[in-house]
There are 2 protein chains.
Amino acid sequence: MFDQYKNRFPIDEKQWNDYISCFQRIEVPAKTTLLKEGEISKKLLLIEKGCIRVWFNNNGKDVTFQFFFENNTVASIESFIKKFPSPVFIETIEPSVLWRMHKKDVDRIMAEIKEIPVLRDLLINSVFDRTFDYMKHFLSFIKDTPTQRYLNLLQEKPQIIRRIPQHYIASYLGITTVHLSRIKSKLAKEKK
Amino acid sequence: MFDQYKNRFPIDEKQWNDYISCFQRIEVPAKTTLLKEGEISKKLLLIEKGCIRVWFNNNGKDVTFQFFFENNTVASIESFIKKFPSPVFIETIEPSVLWRMHKKDVDRIMAEIKEIPVLRDLLINSVFDRTFDYMKHFLSFIKDTPTQRYLNLLQEKPQIIRRIPQHYIASYLGITTVHLSRIKSKLAKEKK
DNA sequence: TGCATTTAATAACAAATGTTATCGCCAGAC
DNA sequence: GTCTGGCGATAACATTTGTTATTAAATGCA
């Protein structure tokens with residue numbers, strides 16, 4: 001799992017082994033809740049196999065707002081960083097193999113790598129990138145119709161369409177399952 | 001303009017004067033374009049007085065997606081950081097007094113303050129905060145109705161409602177001016 | 001295998017939102 | 001002052017999207 005990353009970072013063997021030994025491997029079935037709303041997130045997750053969705057309860061309605069796949073790291077980021085009660089649930093969609101690291105180890109490693117300029121910039125850039133990602137997704141809600149959002153998703157994140165049940169995709173796009181179904185059938189007709 | 005910030009940062013007088021001398025004061029009338037779509041953003045703006053909107057052209061439609069007021073800093077952040085052509089226009093709404101700093105000075109100061117742990121963490125946190133802000137705004141598009149979004153805005157950012165022309169607010173909320181007008185009149189009726 | 005559960009498609013109707021057009025108000029230009 | 005253009009409200013109608021209910025197909029499990 002970790003060898004693929006090994007040579008990307010300018011740290012020595014000993015430090016590397018120290019870091020990866022903080023991860024604990026777990027296997028969980030589909031639909032396993034990994035973090036509940038209201039809990040304070042104390043673990044960072046890295047996905048080896050499977051997928052995860054982040055969702056929250058909006059007046060009884062299940063609203064999904066992010067998906068994560070192999071090699072993604074997952075946490076309720078606000079809760080993890082600021083120690084707030086998590087506003088969201090985190091749950092597996094497929095049976096998954098995950099690596100878990102406790103917050104105290106993450107904090108220690110973060111503090112250490114902040115002293116290494118290359119890694120520090122990498123960290124800052126990754127936060128910027130996540131910000132840009134949100135901006136982009138957000139913009140598409142202002143400027144695009146649901147049909148266009150679906151087409152964007154199909155083009156930019158096809159594995160979401162392939163692997164995720166449709167009712168989760170619908171709430172991710174901000175529409176109902178019925179409407180998503182209509183969009184798909186309309187697109188299929190136009191193609192003919 | 002800058003004295004209010006002076007004692008917040010652990011840097012000496014000389015450095016402080018060096019930093020603020022990089023700002024150049026300009027006065028511009030309402031509806032002045034400060035950055036055009038397609039240009040590469042080379043200046044950071046700080047608002048002393050007035051307000052600014054960031055918008056883009058979506059197939060001929062003017063879509064506003066951010067507002068900035070006194071003491072905010074403004075840039076097309078993707079363009080400024082990554083040197084991409086800006087996807088957005090930046091333009092004043094009211095006659096404004098602005099302070100402008102060239103990117104090369106910003107970069108130099110950023111590089112310097114990254115070596116000062118307190119400021120470095122401040123920088124990283126401010127990027128996190130901006131990310132959280134986007135997440136929050138984005139979530140409200142998935143979970144809330146336009147009416148609820150308008151009420152949120154009224155409560156959380158009342159100066160947007162007070163100072164910004166309604167058609168900009170409408171596109172910021174992702175609806176038409178007609179619909180925003182309907183929402184307002186419906187709310188006024190319910191209040192009675 | 002067969003049964004229960006989940007998932008997706010569709011129809012009929014309701015509600016929300018967009019489009020286009022018109023009117024009136026008001027601030028700024030002259 | 002008067003005129004003009006920008007702004008906001010409203011109406012009538014069109015379109016999109018949601019709601020509820022039904023059915024069928026796919027999937028997981030005993």
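These numbers come from a predicted model, not from an experiment. Lettering of chains follows the sequences in order, A, B, ..., and the numbering in each one begins at 1.
Atom-to-atom, CD1 of B:Ile183 to C1' of C:dG18 comes out at 12 Å; the value is rounded to the nearest Å. In this structure, B:Glu94 places its CD atom 16 Å from C1' of D:dG6, rounding to the nearest Å. Nucleotide C:dT7 holds its P atom 19 Å from the CZ atom of A:Arg162, rounded to whole Å. Taking atom CG of A:Asp144 as the reference point, atom P of D:dT17 lies 12 Å away to the nearest angstrom. Here C:dG18 presents its C1' atom at 19 Å from NZ of A:Lys143, a figure rounded to the nearest Å. One atom, CD1 of A:Ile164, and another, P of C:dT6, lie 18 Å apart when rounded to the nearest Å. Rounded to an integer number of Å, the gap from B:Tyr150 OH to C:dT17 P is 15 Å. A straight line from CZ of A:Arg163 to P of C:dT7 spans 16 Å, rounded to a whole angstrom.
OP1 or OP2 of D:dA9 lies within a sub-4.0 Å distance of a side-chain N or O belonging to B:Lys184. Applying the 4.0 Å criterion to OP1 and OP2 of C:dT10, one finds that A:Lys186 has every side-chain N and O outside that range. Residue A:Gln166 places no side-chain N or O under 4.0 Å from the OP1 or OP2 atom of C:dT6. In this model, the phosphate group of C:dA8 is approached by a side-chain N or O of A:His167 to a distance below 4.0 Å at OP1 or OP2. When the side-chain nitrogen and oxygen atoms of B:Ser181 are compared with OP1 and OP2 of D:dG8, none of them lie within a distance under 4.0 Å. Under 4.0 angstrom from either OP1 or OP2 of D:dT10 there lies at least one side-chain N or O belonging to B:Ser185.
For A:Pro146, whose side chain is taken as the heavy atoms from C-beta onward, the closest listed nucleotide among C:dT20, D:dT17, D:dT19 is D:dT17. For A:Lys61, taking side-chain heavy atoms from C-beta onward, the closest of the listed nucleotides D:dT19, D:dC7, C:dT19 is D:dT19. Of the listed nucleotides (D:dG18, C:dG18, C:dT7), C:dT7 has the atom at the smallest distance from the side chain of A:Pro165. Among D:dG18, C:dG18, C:dT20, the nucleotide with an atom closest to any side-chain atom of B:Val178 is C:dT20.
Along DNA chain D, the nucleotide nearest B:Lys31 and the nucleotide nearest B:Thr177 are compared for position; the residue whose nucleotide lies closer to the 5' end is B:Lys31. Between A:Thr147 and B:His179, the one whose closest nucleotide on DNA chain D sits nearer the 5' end is B:His179.
Judged by the 6.0 Å and 45° rule, A:Lys36 forms no cation-pi pair with A:Phe89. Figure legend: cation-pi geometry between A:Arg53 and A:Phe67 absent, as NZ or CZ is not positioned both under 6.0 Å from the six-membered ring centre and within 45° of its axis.
Donor-acceptor pairing under 3.5 Å, judged by distance alone, is present between the side chain of A:Arg182 and the base of D:dG18.
Between the side chains of A:Asp144 and A:Asn152, at least one donor-acceptor pair of N or O atoms lies under 3.5 Å. Judged by distance alone, the side chains of A:Ser86 and A:Ser79 never bring a donor and an acceptor atom under 3.5 Å apart.
Here A:Asp105 does not pair with A:Lys43 in a salt bridge; the nearest charged N to carboxylate O distance is not below 4.0 Å. For the pair A:Lys83 and A:Glu39, the salt-bridge criterion is not met [side-chain N within less than 4.0 Å of a carboxylate O].
B:Leu180 comes within contact range of no nucleotide atom at all, as no heavy-atom separation falls under 4.0 Å.
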